[in-house]
Amino acid sequence: MLDIKLVRNDLEKVRAGMSKRGANVPLDDFLKLDEERRKKLNEVEQLKNRRNTVSKEVGRLKAQGQDASLLIKEMQEEGDRVQTLDSEIRNIEDKLLEILLVIPNIPHESVPVGKDETENQIIRNWGEPRKFDFAPKTHDEVGVGIGIMDFERAAKISGARFVVMRGFGAKLERALCNFMLDLHTKEHGYTEIFPPFLVNRDSLTGTGQLPKFEEDLFKCVNGDYYLIPTAEVPVTNIHRDEILDAAQLPIKYAAYTACFRAEAGAAGRDTRGIIRQHQFNKVELVKFTKPEESYQEHEQLVNDAETVLKKLGLPYRVVLLCTGDQGFSAAKCYDLEVWLPSFNTYREISSCSNFEDFQARRANIRYRPGVGAKPEFVHTLNGSGIAVGRTVAAILENYQNEDGSVTVPEALRPYLGVERLYE
RNA sequence: GGAGGAGUGUCCGAGUGGUUUAAGGAGGCGGUCUUGAAAACCGUUGUACCGCAAGGUACCGGGGGUUCGAAUCCCUCCUCCUCCGCCA
C-alpha cells in the first residue's frame, strides 16, 4: 500500500511509477474522495467537540440537581447530523482503502523500465551449462524412468499438476529442504520458522495477495481460510500490528512450507513435469529491516539464495526484473534462473524482492528507531531460498547419466546417503 | 461441537452511565541528593487522523448499536482459559 500522503502530495511521482509499470489506477477518483473525506471530517469533529463540551455541562448540571433538558434537546438534533456524517465518512474511507489496496508499489529507481520479461536485465551468470554427449531427457522422463515420480497415480488421486514422489524421490525432496534450512540457519544467520499453511484474509491482504489476486489462491469452503501460496504470507505476518525494537533488526527468518497455487490463467503452460504444480515445496527467506538497510540486505538475500545453487553445482543466472515484469508489491526484484537442459534455457527458481514499506504499511509492521522516537514502518524482503520442486527438476536434468541414472550432487550425499539414483 | 469464565496503556491492575482529560503500582526516560551506585524524592512517559498553527477527534480485543454522554448497557464476531465430547 502506498502512503496516502505521497499520493496527495506527490501525485506526479505516483503517476510516473504507475506508468513505468503499465498500471492504470484511478488516482483522480482517489484524490476527489480524499478531499471530500477531509471536508466532512472537519465538520463532524467540530460537532463532536461541541457535543463533548455540552455533555460535560449536562453532567455538571445534573450533579447539582439542576434542569438540563434544554441542552439535551439541542444535542439530540445534532446527534443525527453526527451520525449521518460518520457513516458518510466511513463510506468514503472504505472506497479510499479499496483503491489504495489495488495500487501496486512504485518501482525503485534502479529498476530498468520495460514492458515485459523480454526487457529484464541479466546481471551475472554462474556455472557453465553442461555439454551432453547424449540426448538429455526431461526431468520427468528421468524421474519416471528411475521410478521416483508417478504422474498417473497423482492424476488419479488428485488431478493434473500433481505428482507422487516415491522412494529416493520423496527422500530427495526432504533432503533438499533440510540442506537448504541447514545452510540458511547455520551459515547465513536465519531463524527457522514452521508456520501454519492455512491463513486468514487479513494475512493475505497484509502481504498483497488480496484483494486483487483472489483467483490465484485456493480457498477453504468451511471457515475463512486460504492455503498459502508461499511462506512469505504467514512468516511476514508474524509481526503484523507489532512495533519492533530497532536492536532486533534485521530479523531474518527461513521457513519450509508447502505452497499451493491455483495457477489460474496458466492453462496449457508447463503442463509436463513438475515445473508448475498446484502444490510444491519451498524454503523461503524473509527479512524485516530498517529502511536505510533494505537494499544492502536485498543484495545479501540474493547471495544467500545463490549459495544454494552454487553448493548444488547448478548453473544459473541472476536477472533483474524490469518495471513491467515485477510483482504487484515489489519495489525491486531479482530472479534466479537455473539452467534446464531439456528446455535449453534458464527457468526461474527463486524470486527475491524488496517491498520497501509497501507490505509493512498494509500489515502495520513498525519499529522504533530510538528511545522515545516515533514508530516507523520497517522494510520487508523475501526470496525463495529456493523452490524445492524446481531444484529436483534441475538436479535430475543436469546430473543425469546416459544410462538413465542420476548422480547425487556432493552437497546432498550426507542427506541422501547415496551417490547415485537409479532404477 | 456443548457449558462456564476472561480480554483495560510497555507490564501488573482499579474501574458497572457524567470532573476518567483511564486511579494506583512496576518498568523506561530526565532531574535532585551522592565520590560513584543503590535507596528516597520530583517530573515525565501510547497510537492514529484532521489542522499552517493554536488546537481538535478517535482508540479500554474487532465491528455495530442505545444514549445529551459508554471502558461501563445491548447485539455480533475474534482470541485466550477451565470442564465435557470428538480427535492425529
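Lettering of chains follows the sequences in order, A, B, ..., and the numbering in each one begins at 1.
When the shell of 6.0 Å around NZ of Lys219(A) is examined, it contains more than 12 heavy atoms from other residues, nucleotides or ligands. Other residues, nucleotides and ligands contribute more than 12 heavy atoms inside 6.0 Å of the CD atom of Glu292(A). Heavy atoms from other residues, nucleotides or ligands lying under 6.0 Å from CD of Glu215(A) number more than 12.
Between U21(B) and A70(B), the two P atoms lie 11 Å apart (nearest whole Å). Across G65(B) and C60(B), the matching P atoms stand 15 Å from one another, rounded to whole Å. C77(B) and G24(B) have their C1' atoms separated by 33 Å, with the value rounded to a whole Å. For the P atoms, the distance from G64(B) to A58(B) is 14 Å, rounded to whole Å. Separating the P atom of C11(B) from that of G61(B) is a span of 13 Å, rounded to the nearest Å. Distance noted for atom C1' between C73(B) and C50(B): 31 Å (whole Å). Taking atom P on both G18(B) and G1(B), the two are 38 Å apart, rounded to the nearest angstrom. Rounded to the nearest Å, the gap between the P atom of U66(B) and that of C59(B) is 15 Å.
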Do any N or O atoms of the protein come closer than 3.5 Å to N or O atoms of nucleotides 17-19 of chain B, and which pairs are they?
| unit_1 | atom_1 | unit_2 | atom_2 | d |
| --- | --- | --- | --- | --- |
| G18(B) | O6 | Lys62(A) | NZ | 3.4 |
| G18(B) | N2 | Ser55(A) | O | 2.7 |

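For the pair Leu47(A) CG and G69(B) C1', the computed distance is 15 Å after rounding to whole Å. Atom CG in Asp80(A) sits roughly 10 Å away from atom P in G69(B) (whole-Å rounding). Atom CZ in Arg368(A) sits about 14 Å away from atom P in C29(B), given to the nearest Å. Between Leu244(A) atom CG and U47(B) atom C1' the separation is 16 Å, expressed in whole Å. To the nearest angstrom, C1' of C77(B) lies 12 Å from CG of Asp202(A). Whole-Å rounding puts the Asn200(A) CG to C78(B) P distance at 12 Å. In this structure, the CD atom of Gln76(A) is 13 Å from the P atom of U66(B), given to the nearest Å.
A donor and an acceptor atom, one from each side chain of Gln359(A) and Thr380(A), are located under 3.5 Å apart.
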Candidate pair Asn200(A) and Tyr226(A), rule side-chain hydrogen bond (donor to acceptor under 3.5 Å, both in side chains), full reasoning:
CA-CA 6 Å; Asn200(A) 57 32; Tyr226(A) 295 79; over 6 Å; no

Give the C-alpha distance, both sets of side-chain angles, the deciding distance and a yes or no for salt bridge (Lys or Arg N to Asp or Glu O under 4.0 Å) between Glu88(A) and Lys40(A).
CA-CA 8 Å; Glu88(A) 282 172 3; Lys40(A) 289 186 190 290; 2.9 Å; yes

Show your reasoning for whether ring pair (Phe, Tyr, Trp, His ring centres under 6.0 Å) applies to Tyr256(A) and His184(A).
CA-CA 11 Å; Tyr256(A) 153 77; His184(A) 295 311; over 10 Å; no

Before giving the answer on side-chain hydrogen bond (donor to acceptor under 3.5 Å, both in side chains), spell out for Asn49(A) and Arg51(A) the whole-Å C-alpha distance, their side-chain angles and the decisive distance to 0.1 Å.
CA-CA 5 Å; Asn49(A) 182 19; Arg51(A) 185 179 70 182; over 6 Å; no

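Ring-centre distance between Phe358(A) and His379(A): not below the 6.0 Å cut-off. Checked against the 6.0 Å centroid criterion, the rings of Tyr253(A) and His239(A) qualify as a close aromatic pair. Less than 6.0 angstrom separates the ring centroid of Phe213(A) from the ring centroid of Phe328(A).
In terms of phosphate contacts, Gln83(A) brings a side-chain nitrogen or oxygen within less than 4.0 Å of OP1 or OP2 of U66(B).
When both distances must be under 3.5 Å, the Watson-Crick or G-U wobble mate of C29(B) is G43(B). A22(B): no Watson-Crick or G-U partner with both key distances under 3.5 Å is found in any strand. Applying the Watson-Crick and G-U wobble criteria (two distances, each under 3.5 Å), G17(B) pairs with nothing in any strand. Pairing for G9(B) is absent, with no Watson-Crick or G-U wobble pair whose two atom distances lie under 3.5 Å. Pairing partner, C49(B): G56(B), with both Watson-Crick or wobble hydrogen-bond distances short of 3.5 Å. Base-pair partner of C83(B): G2(B) (Watson-Crick or G-U wobble, both distances under 3.5 Å).
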Scan nucleotides 48-64 of chain B nucleotide by nucleotide, 5' to 3', and note B when protein non-hydrogen atoms come under 4.0 Å of the base, S if they reach only the sugar-phosphate, - if neither.
SSSS----BBS-----S

